[in-house]
Participant: 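Handing you this structure, nothing more for now.
Values below: every heavy atom of this structure, side chains too, minus hydrogens, waters and symmetry copies.
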Amino acid sequence: MDVEQTARENVRVQARLDKLLNRLPGLVYRCKIEAGFTFRLEYASAGSENLLGIPASEMVDKQWNTVERMTVPADLERMRKDIYDKVVAHEPWQVMYRLQLPNGHIKWIWDQGEAIYDDSGEPLYLEGIMLDVSEQKFQELELQNENRKLRLSMEQVDSLGDIVGKSEAMHKVYGLILKAAETDTNVIIYGETGCGKDIVARAIHNYSGRKGDYVPVNCGAIPENLLESEFFGHVKGAFTGAISSKDGFITAADNGTLFLDEIGELPVNLQVKFLRVLETKSYTPLGCTAPRTSNFRLITATNRDLAAQVREGKSRADFYYRINVLTIHLPPLRERKEDLPLLVKAWCTRKGIDLSITRQVRLAMSRYNWPGNVRELHNFLDRYATFGESAAELLVDSEESLPSSAIEGQTLAEATHRLEYALIVKMLEKCHWHRGRTAMALGLNLRTLQRKMKALKIRGKGEV
């Protein structure tokens, strides 16, 4: 191909590229970087007229730095610093800021791109695309305003969504939920088994207004050899048995919320890989070479002491600090027994049952420590609705089996362990040592029951 043919082909390629860029729903731009980190516009797509009300040709001919002149002054310094820092670090940027148009209207702009460098690493050009995200941003701000109003009226409420309780401890939780909903900060929920950590995570998602799905994952319920495939997905033929491609949890949570329950069960090797996803929002399915992105919001939960796991080498410190940004401590039911009547009423409403509980059983419920928390309460109410007062034997037995004299001189942890031991053994005996039925009766999952039995040194029937 001679020089003239090459030139004609280059013109055709550029024309096709311009046609493509002009169809994009935004402003594609290219700026020459000059002294003092100032810019000279060299290219703008046709989207500039829609975005700014100025034709692309007019912007390029006059080489206006129109965007900076239109940027709301309160945002300008931050916008320039964010882009400058990324250019110096040789990283792509993503920044959001406001533009004030000549007619006085405000637009929220999502600006993303990266710099082009010479052989010595000096930045020569900025190339990127600006999108109008005003509708999304104004909805977000409206939602934040609604959440603030709701937070101001929290003092008298006895529920928040599906969460029930009017105790002081629960009002603190409500405030943190609404605070978490206003940002994309990583949230971790600490609480015992059965406290309702999933319901709190779901409330944060619902009040955040995220348009994607809420994707709950129990890290302790997935076999370790399947974890990577379940999280990242895989393509057909990635491993034996992969007869078709499958999306993972991270893909499913795009533009939504990924909730990882029992995060303390996540193996260290997967923590390393997941940490990269948190930092870059990109991941690669098993058997695939092209990375993908997912704009998910992360919420985790645990009933373990993660800081202790870090000290013991069972969790990575960098992973722990990444997920442990905004903390919500969900109180156990024994610390908010004033909420029992509300919880019972909510259960009755949900089930459509008018449950009459005798005074003796109500007294036993108020004295019982509910080691399985709200989940155990719901299971108890299910049994009580079916079998009547005979379902309350465990509550009465636990009250009689641990008189106040038995706990004198003990710490709360010691007394709790002793009570848990007595209750678990009692229920195992009632269930003829069937662990599955015992776990269900206590409002626990089987894995948690087995872990408690091991910690309390409770052996199964016939075990040595």
Side-chain angles (χ1 to χ4, degrees), residues 21 24 26-45 47 51 63 65-99 107-133 136-137 140 183-187 231-232 250 253-255 258 270-285 288-298 316-326:
L21 296 178
L24 291 176
L27 167 59
V28 180
Y29 63 88
R30 178 184 176 98
C31 293
K32 173 72 174 174
I33 301 176
E34 299 187 329
F37 203 63
T38 58
F39 315 116
R40 177 164 51 85
L41 184 67
E42 292 193 349
Y43 175 83
S45 67
L51 189 71
Q63 297 179 348
N65 193 348
T66 309
V67 173
E68 287 205 350
R69 292 213 310 273
M70 286 186 173
T71 301
V72 172
D75 294 353
L76 179 59
E77 185 177 348
R78 173 184 56 81
M79 179 265 280
R80 284 183 58 84
K81 182 180 185 304
D82 287 349
I83 295 178
Y84 177 80
D85 289 346
K86 292 296 184 181
V87 169
V88 171
H90 287 226
E91 296 176 354
W93 67 81
Q94 294 184 10
V95 60
M96 189 178 292
Y97 50 88
R98 292 166 293 175
L99 297 183
K107 281 191 175 182
W108 280 93
I109 301 299
W110 181 247
D111 187 342
Q112 51 190 321
E114 57 185 318
I116 305 299
Y117 303 87
D118 63 18
D119 293 340
S120 64
E122 287 297 312
L124 299 176
Y125 297 95
L126 301 184
E127 291 185 341
I129 182 170
M130 290 184 282
L131 300 171
D132 182 356
V133 291
Q136 170 192 336
K137 190 63 181 179
E140 177 187 325
T183 71
D184 284 334
T185 300
N186 294 338
V187 177
F231 273 100
F232 304 127
I250 294 174
D254 188 23
N255 293 318
L258 180 63
L270 196 64
Q271 290 178 21
V272 176
K273 295 179 180 180
F274 200 74
L275 184 61
R276 295 195 193 103
V277 179
L278 291 178
E279 291 172 344
T280 65
K281 295 297 184 184
S282 66
Y283 64 100
T284 305
C288 185
T289 56
R292 301 177 185 176
T293 60
S294 176
N295 180 30
F296 65 90
R297 194 265 176 84
L298 179 68
R316 290 178 59 94
D318 48 3
F319 180 73
Y320 167 71
Y321 290 120
R322 173 67 70 172
I323 65 174
N324 200 74
V325 180
L326 196 159

Participant: Check whether any side-chain N or O of D254 sits under 3.5 Å from a backbone N or O of N295 as a donor-acceptor pair, and report yes or no.
Facilitator: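 Yes; at least one donor-acceptor contact below 3.5 Å.
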Participant: Less than 4.5 Å apart, any side-chain heavy atom of K273 and any of F232?
Facilitator: yes
Participant: Would you say the side chain of L298 lies within less than 4.5 Å of the side chain of F274, judging by non-hydrogen atoms?
Facilitator: yes
Participant: Does the K107 side chain pair with the main chain of L51, one donor and one acceptor, at a distance under 3.5 Å?
Facilitator: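 Side chain of K107 to backbone of L51: a pair is present.
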Participant: Report the C-alpha distance between L278 and F296 in whole Å, list the side-chain angles of each, state the deciding distance to 0.1 Å, and finish with yes or no for side chain to side chain contact (heavy atoms under 4.5 Å, CB included).
Facilitator: CA-CA 9 Å; L278 291 178; F296 65 90; 4.0 Å; yes
Participant: Measuring from atom CD of E122 to atom CD1 of I33, what distance do you get when rounded to the nearest 0.5 angstrom?
Facilitator: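 E122 CD to I33 CD1: 9.5 Å, rounded to 0.5 Å.
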Participant: Looking at CD1 of I109 and CZ of R98, how far apart are the two atoms once the value is rounded to the nearest 0.5 Å?
Facilitator: 12.0 Å
Participant: Pair K81, D85 - check salt bridge (charged side-chain N to carboxylate O under 4.0 Å, His left out), show working.
Facilitator: CA-CA 6 Å; K81 182 180 185 304; D85 289 346; 2.8 Å; yes
Participant: Do L126 and W93 have side chains that approach each other closer than 4.5 Å (heavy atoms only, starting at C-beta)?
Facilitator: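 SC-SC contact between L126 and W93 confirmed.
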Participant: Is a side-chain N or O of Q271 found less than 3.5 angstrom from the main chain of F319, in a donor-acceptor match?
Facilitator: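 No, Q271 side chain to F319 backbone: no donor-acceptor pair under 3.5 Å.
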Participant: Would you call D318-R322 a salt bridge at under 4.0 Å N-O?
Facilitator: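 So D318 does not pair with R322 through a salt bridge.
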Participant: With rounding to the nearest 0.5 Å, note down the distance linking CD in E127 to CD in Q112.
Facilitator: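 Spacing of CD (E127) from CD (Q112) equals 14.0 Å.
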Participant: What's the shortest heavy-atom distance between A290 and P285, and which atoms?
Facilitator: O-CD, 4.3 Å
Participant: Distance check, rounded to the nearest 0.5 Å: M79 atom CE versus L99 atom CG?
Facilitator: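 The CG atom of L99 is 7.5 Å from CE of M79, to the nearest 0.5 Å.
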Participant: Using the rule given for side chain to side chain contact (heavy atoms under 4.5 Å, CB included), can you reason through L41 versus Y29, listing the C-alpha separation, both sets of side-chain angles and the distance that settles it, and then say yes or no?
Facilitator: CA-CA 8 Å; L41 184 67; Y29 63 88; 4.2 Å; yes
Participant: Looking only at heavy atoms, which two atoms of I129 and L131 are closest? And how far apart?
Facilitator: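 Looking at all heavy atoms of both residues, the shortest contact is CD1-CD2, 3.9 Å.
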Participant: Looking only at heavy atoms, which two atoms of W108 and D132 are closest? And how far apart?
Facilitator: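 Shortest heavy-atom contact: O-OD1, 3.5 Å.
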Participant: Kindly indicate whether the side chain of V95, heavy atoms from C-beta on, has any atom under 4.5 Å from the side chain of R78.
Facilitator: yes
Participant: Taking Y117 for its side chain and V87 for its backbone only, find out whether a donor-acceptor pair lies under 3.5 Å.
Facilitator: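 Yes, because the side chain of Y117 sits within donor-acceptor range (under 3.5 Å) of the backbone of V87.
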Participant: Would you name the heavy atoms of S45 and G26 that are closest together and state the gap between them?
Facilitator: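 In terms of heavy atoms, the two residues are closest at OG-O, 3.5 Å.
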Participant: May I ask you to decide if L258's main-chain N or O and R297's side chain share a donor-acceptor pair within less than 3.5 Å?
Facilitator: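 Such a contact is absent between R297 side chain and L258 backbone.
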Participant: Measuring from E34:CD to L124:CG, what's the distance to the nearest 0.5 Å?
Facilitator: 11.5 Å
Participant: Would you confirm whether T185, through its side chain, and L326, through its main-chain N or O, come within 3.5 Å as a donor-acceptor pair?
Facilitator: no
Participant: A quick test of your reading: do over 12 heavy atoms of other residues, nucleotides or ligands sit less than 6.0 Å from NZ of K86?
Facilitator: no
Participant: Rounded to the nearest 0.5 Å, how far apart are CE of M130 and CH2 of W110?
Facilitator: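 Between atom CE of M130 and atom CH2 of W110 there are 14.0 Å.
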Participant: Got a donor-acceptor contact below 3.5 angstrom from the R80 side chain to the F37 backbone?
Facilitator: yes
